[in-house]
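Here the structure is laid out as structure tokens; the discussion comes afterwards.
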Amino acid sequence: MNEKFLKPYNPLETEPRIYKTWEESGYFNPDNLPERHKESFTLIMPPPNANGSLHVGHAAFVTIEDLLIRFKRMRGFKTLWLPGADHAGFETQVVYEKKIEKEGRSRFGMDPEILRSEIMDFTLGNKKFMEGQIRQLGASCDWSREKFTLDPDIIKIVYATFKQLSNDNLLYRGKRMVNWCVKHQTSLSDLECASVEQNDKLYYLKYGPFTVATVRPETIFGDVAIAVNPNDPRYKKYIGQDVVVKNPIGELTLKVIADEVVEIEFGTGALKVTPAHDANDFKLAEKNKLPIIEVIDKNGRLNEKTGKYAGMKIKEAREKVVADLEAMGLMEKIEDYKHSISTCYKCNSTLEPRVMPQWFVDVKPLAQKAIEAIAKEEIKFVPERYNKICTQWLENIIPWNISRQIVWGIPIPAKICNSCEEGIVDVENSITKCPKCGGEVRKETDTFDTWFSSGQWPFATLGYPDGKDFKAFYPTSVMETAADIVFFWVMRMAMFGLYRTGKVPFKDVYLHGLVNDKHGKKMSKSKGNVINPLEISDKFGTDAMRMGIIIGNTPASDVSFSDDKIRGYKNFANKVWNITRFVLTSVEGFDIESKPELTDTDTTIIAELAATTTDITNDIDNYRFYMAAEKIYHYIWHTFADVIIENSKVAIAGTDEKAKKSAQYTLYKILTTSLKVLHPFMPFVTEEIWAYLPHKDKKLLMIEEWPN
RNA sequence: GGGCGGUUAGUUCAGUUGGUUAGAACGCACGAUUCACAUUCGUGAGGUCACAAGUUCGAAUCUUGUACCGCCCACCA
């Protein structure tokens with residue numbers, strides 16, 4: 001026995017050394033795996049946003065994915081776990097803006113190219129740092145295949161998709177209602193809007209022969225119509241007529257239109273229509289061919305069409321307009337009103353509905369394919385209820401705004417006509433005249449929604465369409481990610497994967513939940529309950545942290561995480577260490593390669609070991625990682641150590657040679673089997689111990705055969 | 001407004017198609033300990049499984065309803 005075992009297990013010293021051994025072995029790369037690894041098993045790592053440090057959520061996915069990949073590797077699969085990093089467009093730009101704000105600078109007014117290159121430096125720096133952290137967590141991913149969302153080959157594939165969508169008439173640039181964030185000066189997709197309940201006022205304005213109810217009296221200068229329900233007897237006589245209404249800066253002539261969407265019961269049953277600043281009104285305007293009059297600008301201020309209110313911010317303008325309407329005797333009443341508004345998911349500021357020319361993808365036909373794939377179980381979710389949740393989301397999908405007015409992203413490869421505003425897809429950057437009107441064109445300055453590129457991640461990283469990896473590893477086996485990005489990411493991958501390759505991008509989707517603090521509360525900087533996984537790893541060892549993440553972590557439900565829990569698993573690592581010490585001492589002088597005749601007791605013990613192994617294998621195969629982890633923990637500590645080892649002491653110390661040999665064989669067999677089964681959960685301590693075991697033909701534990 | 005998830009020991013959670021006395025980890029109490037390990041070992045306390053009704057020989061588990069917590073979706077201005 002090595003004298004190393006006389007001291008307690010030291011994870012801090014062991015882990016970096018072991019990781020180096022693994023990495024240098026080359027076995028992270030499926031091409032280097034021994035002959036027995038034939039059937040491929042592919043897992044694409046969700047690329048972390050390269051804009052900060054790893055948090056506990058990253059630790060969760062690295063742990064679960066590494067567990068799965070190590071298990072499959074030992075089972076003899078040709079395992080590829082492909083790592084990556086995401087430039088994370090808007091997210092990263094927001095982080096960077098905050099950083100430069102602290103330095104007293106602002107993104108606005110900066111040369112876009114300079115800003116872009118600064119963010120690039122920032123991102124690449126973070127990316128490198130995070131790669132080190134992912135290594136610290138023990139990730140056995142193939143670094144030689146690592147991808148970044150801004151790699152030229154990825155961009156090429158993303159552009160080809162853009163082009164194909166255009167060819168298939170699924171892409172258009174048009175003036176549509178977008179969600180505009182005044183603070184960040186960009187539009188956002190519907191998924192990036194958070195709805196928040198808010199107490200406002202509902203104003204009843206005397207408006208010509210009507211009284212209309214509105215929460216936004218400051219937009220009256222952009223009104224183009226009054227809408228009523230066609231079946232409302234009060235207003236039937238006005239439908240189709242023009243009415244003159246007064247406002248504080250003059251008069252407007254509005255058309256009275258009828259539409260079923262108008263609720264007779266709500267307010268007065270008459271609705272002022274402001275197409276430029278309300279999504280519903282925009283739809284009404286399209287239907288009824290009404291003009292669109294913009295009165296609020298991109299900075300959230302009233303524009304020149306509003307006379308004396310021009311330049312005021314919305315809130316101030318609302319107060320002034322209300323006061324002026326009251327003075328004119330046009331305000332009938334004001335009620336308290338609770339409703340939901342759309343806010344920016346990053347800064348919580350109220351989003352302004354605005355009409356802007358943007359690029360939209362008509363995702364409906366793509367969604368249909370994804371719905372079919374889920375129905376045919378070509379894609380299966382763990383937990384199962386997500387089959388339904390995702391199907392419902394896909395069924396109600398709306399066109400996707402992929403334009404962002406930020407510099408940090410993949411530029412949209414297109415030209416815009418200066419005279420007719422036509423958007424022309426131009427991947428080759430060769431178009432100089434508008435094909436529609438012959439006008440001069442300018443380069444599009446918008447960038448893609450970051451999910452447009454990451455939505456193509458599985459086939460893009462594998463080199464679609466001609467790469468040998470694409471042929472060998474696509475469709476991927478499992479997509480493992482956080483439940484809160486299923487719509488953003490998983491659904492987009494499902495749609496794009498089917499659209500581009502005709503095949504599902506992954507077969508199983510395993511969703512994990514949020515990692516919360518020890519009382520189940522969400523971690524947040526303001527609450528001060530944020531746990532840094534790297535600190536935990538330094539303090540208790542990565543293996544202990546991994547166990548803490550897996551045990552208690554059921555699919556798509558949140559898991560609680562605390563020091564106390566991890567401490568117990570640190571003790572467990574040491575327990576395994578000491579078990580080894582005992583077993584190695586006990587088998588001294590015994591021929592490890594021999595198979596002696598076993599006592600009845602030992603035969604039973606070996607049979608129980610096999611049953612436990614089968615049980616655990618079955619749990620992992622069915623994504624019950626939390627259960628598998630508890631079972632191996634319990635078996636090693638409370639069956640192997642507390643019972644089997646204790647009971648073996650008589651035979652080991654005794655003179656009955658037959659019983660002694662049987663016990664020695666049994667102890668060693670259980671030790672090696674346990675180490676194998678424990679390896680995917682606690683890779684470092686098991687690999688370290690494995691190196692000191694005396695039997696022949698030993699390989700690295702990471703590529704040993706999983707016990708049957 | 002619609003939908004989903006949760007509610008089990010002091011705490012965090014399991015409970016795999018309904019089946020003996022409902023489990024684990026941590027915590028707690030008491031005791032042990034030169035013999036692999038004090039990062040240890042043994043023993044133990046602790047639960048009307050949110051509530052109500054129903055199905056069943058049998059319910060934490062299935063049905064219905066209620067309450068509270070959390071999440072997602074939604075264009076009544």
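Below, chains carry the letters A, B, ... as their sequence lines are ordered, and counting in each starts from 1. Since this is a predicted model, take the numbers as computed values, not measurements.
Here A/Glu294 pairs with A/Arg354 in a salt bridge; the nearest charged N to carboxylate O distance falls below 4.0 Å. Checked for salt-bridge contact, A/Asp563 and A/Lys539 meet the test: a charged N lies under 4.0 Å from a carboxylate O.
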*Please walk me through it: do A/Glu480 and A/His512 pass side-chain hydrogen bond (donor to acceptor under 3.5 Å, both in side chains)?*
CA-CA 8 Å; A/Glu480 192 287 334; A/His512 65 257; 2.5 Å; yes
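OP1 and OP2 of B/A77 both lie 4.0 Å or more from every side-chain N or O belonging to A/His277. Taking only side-chain nitrogens and oxygens, A/Tyr623 never comes nearer than 4.0 Å to OP1 or OP2 of B/U16. Distances shown here put every side-chain N or O of A/Thr274 at or beyond 4.0 Å from the OP1 or OP2 atom of B/A77.
Residue side chain A/Lys565 does not reach the base of B/C26 through any donor-acceptor N/O pair under 3.5 Å, judged by distance alone. Judged by distance alone, with hydrogens and angles left aside, A/Asp564 brings no side-chain donor or acceptor close enough to the base of B/C26 to form a pair under 3.5 Å.
Remark: the separation of the C1' atoms in B/U34 and B/A25 is 31 Å, to the nearest Å. One C1' atom belongs to B/A59, the other to B/G15, and the distance between them is 14 Å to the nearest Å. B/C71 and B/U56 have their C1' atoms separated by 34 Å, given to the nearest Å. B/A22 and B/G46 have their P atoms separated by 13 Å, given to the nearest Å. A gap of 14 Å separates the C1' atoms of B/G6 and B/U12, to the nearest Å. Look at the P atom in both B/A50 and B/U61: the space between them is 8 Å, to the nearest Å. Going from the C1' atom of B/U66 to that of B/U7 covers 13 Å, rounded to whole Å. One P atom belongs to B/U63, the other to B/U17, and the distance between them is 15 Å to the nearest Å.
Considering only side-chain atoms of A/Lys388, the nucleotide from B/A14, B/C4, B/A77 that sits closest is B/C4. Looking at the side chain of A/Trp637, the nearest of the listed nucleotides B/A36, B/U40, B/U39 is B/U40. Nearest to the side-chain atoms of A/Tyr633 among the listed nucleotides B/U16, B/A77, B/A25 stands B/A25. Closest contact between the side chain of A/Glu630 and the listed nucleotides B/A24, B/A36, B/C76 involves B/A24. For A/Asp642, taking side-chain heavy atoms from C-beta onward, the closest of the listed nucleotides B/A24, B/C41, B/A36 is B/C41. Checked against B/U16, B/A77, B/A36, the side chain of A/Glu646 finds its nearest nucleotide in B/A36. Nearest to the side chain of A/Gln392, among B/A36, B/A77, B/G3, sits B/G3.
The partner of B/C28, taking Watson-Crick or G-U wobble pairs whose two distances both stay under 3.5 Å, is B/G44. In this structure, B/G54 and B/C62 make a Watson-Crick or G-U wobble pair, each of the two defining distances being under 3.5 angstrom. Using Watson-Crick or G-U wobble geometry with both donor-acceptor distances under 3.5 Å, B/C76 finds no partner in any strand shown. Nucleotide B/C49 is matched to nothing when pairs are restricted to Watson-Crick or G-U wobble geometry with both distances under 3.5 angstrom. Applying the Watson-Crick and G-U wobble criteria (two distances, each under 3.5 Å), B/A67 pairs with B/U7.
Each of A/Ile374, A/Val509, A/Ile379 was scored for a side chain to side chain contact (heavy atoms under 4.5 Å, CB included) with A/Cys390, with one residue passing: A/Ile374.
Relative to the six-membered ring of A/Phe282, A/Lys175 misses at least one condition, a distance below 6.0 Å or an angle of at most 45° to the axis.
Residue A/Asn578 contributes atom CG, which lies 7 Å from atom P of B/C37 at whole-angstrom precision. Rounded to whole angstrom, the span from the OH atom of A/Tyr204 across to the C1' atom of B/A77 amounts to 10 Å.
Taking the six-membered ring where tryptophan is involved, the planes of A/Phe487 and A/Trp393 are essentially parallel, since the angle between them stays under 30° and well short of 60°.
Taking for each of A/Phe266 and A/Asn516 the nucleotide of RNA chain B with the nearest heavy atom, the 5'-most of the two is the partner of A/Asn516.
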